[in-house]
Amino acid sequence: MHNPLRSEADAFRWVVRFGIAAASVVALSVLVRPAVGAVWAAVLIGFGLGLAYRSSRGSLPRSVAVTGGDGAKHRLLVVANQTVAGRPLLEEIRNRCRGRDSEVLVITPALVGSRAAHWASDLDEGIELARQRMELSVVAIRDAGLEARGEVGDSDPNLAIEDALRVFPADEIVISTLPPGESRWLEHDVVERTRREVDLPMTHVIVDLDAERATTPLRSVG
């Protein structure tokens, strides 16, 4: 589901590469034939503006298309990254699926750092880390007796949700985040945007990983 030009984070990385290549082409053309250089500059500027417009579309207000299920199963879309294996999230999933023939799709958006770190190696590392967390979560959900599968989504959580809903007719959504003040998703209004844009019931689960670690009993050695 990861599209390298969908999210702002990934688009920045591609725009930087494009800018370097474009500057090199224009500089060479100006040195050889100034008229040709001017034409190339106009073409590349237009292309760059197109990329910028495309990357900005993710932040524009919109309504996400929702495909209804057939009613045979209750389909739950779970979106989480760092908190994907948190106990409060797993408990919420159990509660939502209790007494129902359910199917769970876990989407773990690729996690990337600051804009300056959006290079290919960082993106690959973020995708692999998201995949590892997702796989552990799916195992835990299956251990609870539920049907579950997972995928790594776009680094923009809202675009990851939109992509998932195209192929998974969810009946409701559960989004899990770190507590306020620690969660980048809350800073970027991921939860509120989902409420506005997606016409489905949505539950927000907060997982305090520090509190979980503090209450996890240590295993004895020896």
Please report the C-alpha distance between Asn95 and Ile93 in whole Å, then the side-chain angles of each, then the deciding distance to 0.1 Å, and finally whether the side-chain contact (heavy atoms from CB on, under 4.5 Å) criterion is met.
-> CA-CA 5 Å; Asn95 290 339; Ile93 293 171; over 6 Å; no

Verdict with reasoning, Val78 to Ile173, per side-chain contact (heavy atoms from CB on, under 4.5 Å) = CA-CA 6 Å; Val78 177; Ile173 300 172; over 6 Å; no

Give the C-alpha distance, both sets of side-chain angles, the deciding distance and a yes or no for side-chain contact (heavy atoms from CB on, under 4.5 Å) between His188 and Arg193.
-> CA-CA 9 Å; His188 296 157; Arg193 278 188 57 189; over 6 Å; no

Val205/Ile175 under side-chain contact (heavy atoms from CB on, under 4.5 Å): CA gap, chis, key distance, verdict = CA-CA 6 Å; Val205 177; Ile175 299 178; over 6 Å; no

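Using a 4.5 Å cut-off on side-chain heavy atoms (C-beta onward), Val174 and Leu77 make no contact. The closest side-chain heavy-atom distance from Ile107 to Phe168 is not below 4.5 Å. Between His74 and Asp101 the shortest side-chain heavy-atom distance does not fall below 4.5 Å. In this structure, Lys73 and Arg100 have side chains that are not in contact, with every pair of non-hydrogen atoms separated by 4.5 Å or more. Counting only heavy atoms from C-beta outward, the side chains of Arg131 and Thr108 never approach each other to under 4.5 Å.
Val79 and Leu136 are assigned to two separate hydrophobic clusters, defined by single-linkage of ILVMFWY side chains at heavy-atom distances under 4.5 Å. There is no path of hydrophobic side-chain contacts, each under 4.5 Å, that joins Val106 to Leu129. In this structure, Val139 is not a member of the same hydrophobic cluster as Val152, with clusters built from ILVMFWY side-chain heavy atoms closer than 4.5 Å.
Every salt bridge (charged side-chain N to carboxylate O under 4.0 Å, His left out) that Glu92 has, sequence neighbours left out, goes to Arg96. Residues meeting the salt bridge (charged side-chain N to carboxylate O under 4.0 Å, His left out) test with Arg149, sequence neighbours left out: Glu103, Glu151. When the side chain to side chain donor-acceptor pair (under 3.5 Å) test is applied to Asp210, the partners found at least two apart in sequence or on another chain are Arg213. Take Gln132 and apply the side chain to side chain donor-acceptor pair (under 3.5 Å) test, not counting sequence neighbours, and it matches Glu128. In terms of the side chain to side chain donor-acceptor pair (under 3.5 Å) criterion, Glu182 has no residue partners (sequence neighbours excluded). Residues meeting the side chain to side chain donor-acceptor pair (under 3.5 Å) test with Thr83, sequence neighbours left out: Ser176.
With values rounded to the nearest 0.5 angstrom, Leu76 atom CG is found 5.0 Å from Cys97 atom SG. Taking CG of Leu89 as the reference point, atom OG1 of Thr177 lies at 10.5 Å (rounded to 0.5 Å). A distance of 9.0 Å separates CG of Asp171 from OG of Ser102, quoted to the nearest 0.5 Å. Taking CD from Glu192 and CD from Glu197, the interatomic distance works out to 11.0 Å, rounded to the nearest 0.5 Å.
Scanning both residues, Asn158 and Val190, for their nearest heavy atoms gives ND2-O, 3.3 Å. The shortest non-hydrogen separation linking Ala144 to Arg94 is CB-NE, 3.7 Å. Summarising the geometry of Ala80 relative to Pro109, their closest heavy-atom pair is O-CD, 3.7 Å, with the distance given to 0.1 Å. Closest of all the heavy-atom pairs between Ala110 and Ile127 is CB-CG1, 3.6 Å. Contact between Ser137 and Val84 at its shortest, heavy atoms only, is OG-O, 3.1 Å. Pairing each heavy atom of Gln82 with each of Leu178, the nearest pair is NE2-CD1, 3.9 Å.
There is a side-chain donor-acceptor pair under 3.5 Å between Arg87 and Thr215.
Glu162 and Arg166 are joined by a salt bridge, as a carboxylate oxygen and a charged side-chain nitrogen come within less than 4.0 angstrom of each other. Salt bridge Arg184/Glu187: absent, no basic N to carboxylate O contact under 4.0 Å. Salt-bridge annotation for Glu135 and Arg142: absent, with no side-chain N of the basic residue lying under 4.0 Å from a carboxylate O of the acidic one.
Just one of Asp208, Val207, Ile206 meets the side-chain contact (heavy atoms from CB on, under 4.5 Å) condition when paired with Pro88; it is Val207.
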